[in-house]
Amino acid sequence: MPFIFFLFTTISFSQNSFDFKGIVMVDEKPVKHSTVILKNNNNKIISDRLTDYRGKFKLRFTYNNKFSIIIKKKGYIPKQINISTFVPEGVIIKRGARSLIIVLNKTPENYNPNSSKKIVASYGFSNDGVFIDNYLAYSKETNNSETALANSIEVTENLRDDVEAILKELSDEEREKIEEYIKGISLKADSIIYTANIQAERTLILANSKSKEIIDKANKEAQALVVSKKNELEKSITDRQIKELAVSKEELNTNKDVKENRDVIIKFEQIVNKTKKDSLEYNKASVNIKKRLIELAKAKLKIDKLNARTREDSLEIERREAKIINAEKEIEQANNKIELQEFEIKQQETLLYALLLGLLFIIGFSIYVFNSYQEKKKTNKTLENKNAEIQEMLVQLKEQNVRIELINSNILDSITYAKTIQLAILPLQSIMDNTLNAFILYKPKDIVSGDFYWYSYFESSKCTFMIVADSTGHGVPGAFMSMIGSRLMSEIINEKHIHDPKEILEQLNLNLKIALMQDENQNNDGMDVCLCKIEENDNGDVNITYSGAKRPLYFVRKNTNEIESIRGDVKSIGGRKRLRRKKEIAFTNKQIALQKGDMIYLTSDGLVDQSSPDKRKFGIKKFYETIVEVSDFELSKQKEELEIALDKHQSNAVQRDDITVVGIKL
């Protein structure tokens, strides 16, 4: 097994020394814990270390000195490498690198470290860290390979001279690049040529040393095989077959396999041809005996071949080989007959199994039919009882359905009447038309709604209050909330005469919590509110004071195609105070000056949140586009276009929330 040692050097940043690195490998695999000893010119040990787990080591050399490296590994011949680092006088030290590959042989059996010639390699380093001397002191066979290596190096040097002549005709920059490239190729070529020659020589030496050992081993194995085959010679069946195959009868008398098969034959000779199965067993036993006989004959024939000396012996061996071949053909024919017998027996067994299975199936099916008939009779009886019970239950269900329909009718009548009451508390369109030019899109999700709008006008101050609120929930619970909210608005604005929008929302928030006793229970209901105070100035302008609880105010100025909005405060009306809030948020007023002809829009979130059949919301973007498109239309036309856009988007999808949109033209 070759032991490969890679060496390569790298010049350090110092100008008087460089690093020498190497890696120890066996069969292209790194070897750890190889001993690396570094000595100076006086044979004094400078460093004694082991390679790491990757087989690597590193040494430091100074210039103008001589060193020797000794690599040791148990089971391999030690290798000594002499290093010379003398730099010619007047030469500037440069940086450079060079790598070597050194092949070490495994320690032979007759190796004597005291008398055997040591393997030594000597290398010199120039000022750029490149080898300038290559001296190898190996065995005689290695020196022969060095002659071929020297011839290769001479050819390489001649090529270098031709290249240098061409380089002189180039510019300095081109020549420097090419020289650097050629230098790298030359270094790689030297390393490859050297490695190839050395590995070839070592392989040849190793093969020669192993050839005798392989031949001796083969001879021993052959002799052992002869002895083994002699021991395997055993007896035959009949005198005729023993005589033809040249196997002694005495050798077969002690053969256990033949004896057992002969007993089988004797047994079946008494009942042969009585059944196909008995005949098959008889034939198998005969074939086994013949096979054993042929094996013994072949073994003895092989021994006789080794002992054959005369022409007559060779002819006798050929005759016996022919008989063995004929016997093998007879065995092959017998095997074919056995296969045919086995096939016929298998067919008979298959047919018998099929008949048995068929009979079992008929018996089982008959039992199944009988049991099914009995089970069907029981089932029919059970079904009759169940049908009677079902008929009785149907009668009861019909009675219950009648009662449920009556209850539902009463509930529906009550909710419908509640709608009448809810509509009664909402401001009439005819009253609003006296002071406002507005349209109202009001679509409850159920019969009654959690959304509501509220209106009030004060002649003395010529100000109008318009409110759109979205209560928690919808249906009956939302309707209750809307009625409470509407009543509280009337109390705060009309009775208490609180006309500051932000103060109105603060009072509404406080009174709703009191009405629902939210400080004493777990109720968290509330509402989102959009509140506008509209005041006309003498110059024709309109001042809008807006305060919102989580709802924005939208407006469009006349003769523009843009919609603008004012965000409400991040606080709802009612509900318990959130624990994460450090302090209560107060409502604020936002003021904006508009002109006559401008539009403002107060909405709940029902329109923008409405889903289509494919679960897409109407969305704020589509709402903006629709408002901008219809803002110049008459108010009735605006309402109609909004309804068309909503119906087109909603299609057959279920309405998910109450919808309220109030548009006011100032």
Side-chain angles (χ1 to χ4, degrees), residues 207 210-348:
K210 291 291 183 179
S211 60
K212 186 176 183 302
E213 180 182 346
I214 293 171
I215 292 172
D216 293 340
K217 184 177 180 180
N219 289 331
K220 290 179 181 179
E221 289 179 354
Q223 292 175 1
L225 179 62
V226 170
V227 174
S228 174
K229 291 302 180 181
K230 284 182 178 180
N231 294 332
E232 291 179 0
L233 294 175
E234 301 178 11
K235 62 182 289 190
S236 180
I237 306 174
T238 65
D239 294 337
R240 180 182 60 81
Q241 290 172 327
I242 293 171
K243 185 177 180 181
E244 287 181 353
L245 296 176
V247 180
S248 65
K249 188 174 182 179
E250 289 75 12
E251 291 176 319
L252 294 176
N253 287 333
T254 58
N255 190 291
K256 183 178 179 182
D257 294 338
V258 174
K259 189 174 181 180
E260 290 178 354
N261 285 311
R262 288 182 64 183
D263 294 339
V264 173
I265 288 177
I266 293 171
K267 174 184 175 182
F268 281 101
E269 281 178 344
Q270 299 172 0
I271 57 173
V272 67
N273 295 328
K274 289 188 177 181
T275 66
K276 287 186 176 181
K277 197 166 185 181
D278 294 336
S279 178
L280 177 64
E281 295 296 331
Y282 174 83
N283 291 334
K284 284 184 177 181
S286 299
V287 168
N288 289 335
I289 293 176
K290 290 179 180 179
K291 284 183 178 180
R292 185 60 177 161
L293 180 63
I294 290 174
E295 290 176 1
L296 296 173
K298 284 183 177 180
K300 186 169 183 180
L301 183 63
K302 187 172 182 181
I303 297 171
D304 291 345
K305 281 183 178 180
L306 297 174
N307 298 326
R309 295 291 183 271
T310 65
R311 174 67 177 172
E312 289 75 10
D313 294 339
S314 299
L315 292 175
E316 177 64 20
I317 288 172
E318 291 178 359
R319 184 182 65 80
R320 287 162 58 189
E321 284 181 340
K323 289 183 178 181
I324 289 174
I325 292 173
N326 292 331
E328 288 178 339
K329 290 181 180 179
E330 292 176 0
I331 290 177
E332 184 176 357
Q333 293 174 357
N335 284 332
N336 293 335
K337 184 178 179 181
I338 289 172
E339 290 179 0
L340 180 61
Q341 288 179 326
E342 288 178 339
F343 178 73
E344 292 176 352
I345 292 172
K346 188 174 182 180
Q347 280 189 324
Q348 290 179 349

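Positions are given from 1 along the sequence.
- Atoms CD and CD, from Glu321 and Glu318 in turn, are 7.0 Å apart once rounded to the nearest 0.5 Å.
- Rounding to the nearest 0.5 Å places CD1 of Ile345 at 10.0 Å from CG of Leu340.
- Residue pairs that meet the side-chain hydrogen bond (donor to acceptor under 3.5 Å, both in side chains) test with at least one member in residues 328-338, sequence neighbours left out, are Lys298-Glu328.
- Distance CD1/Ile324 to CZ/Arg319: 10.5 Å, rounded to 0.5 Å.
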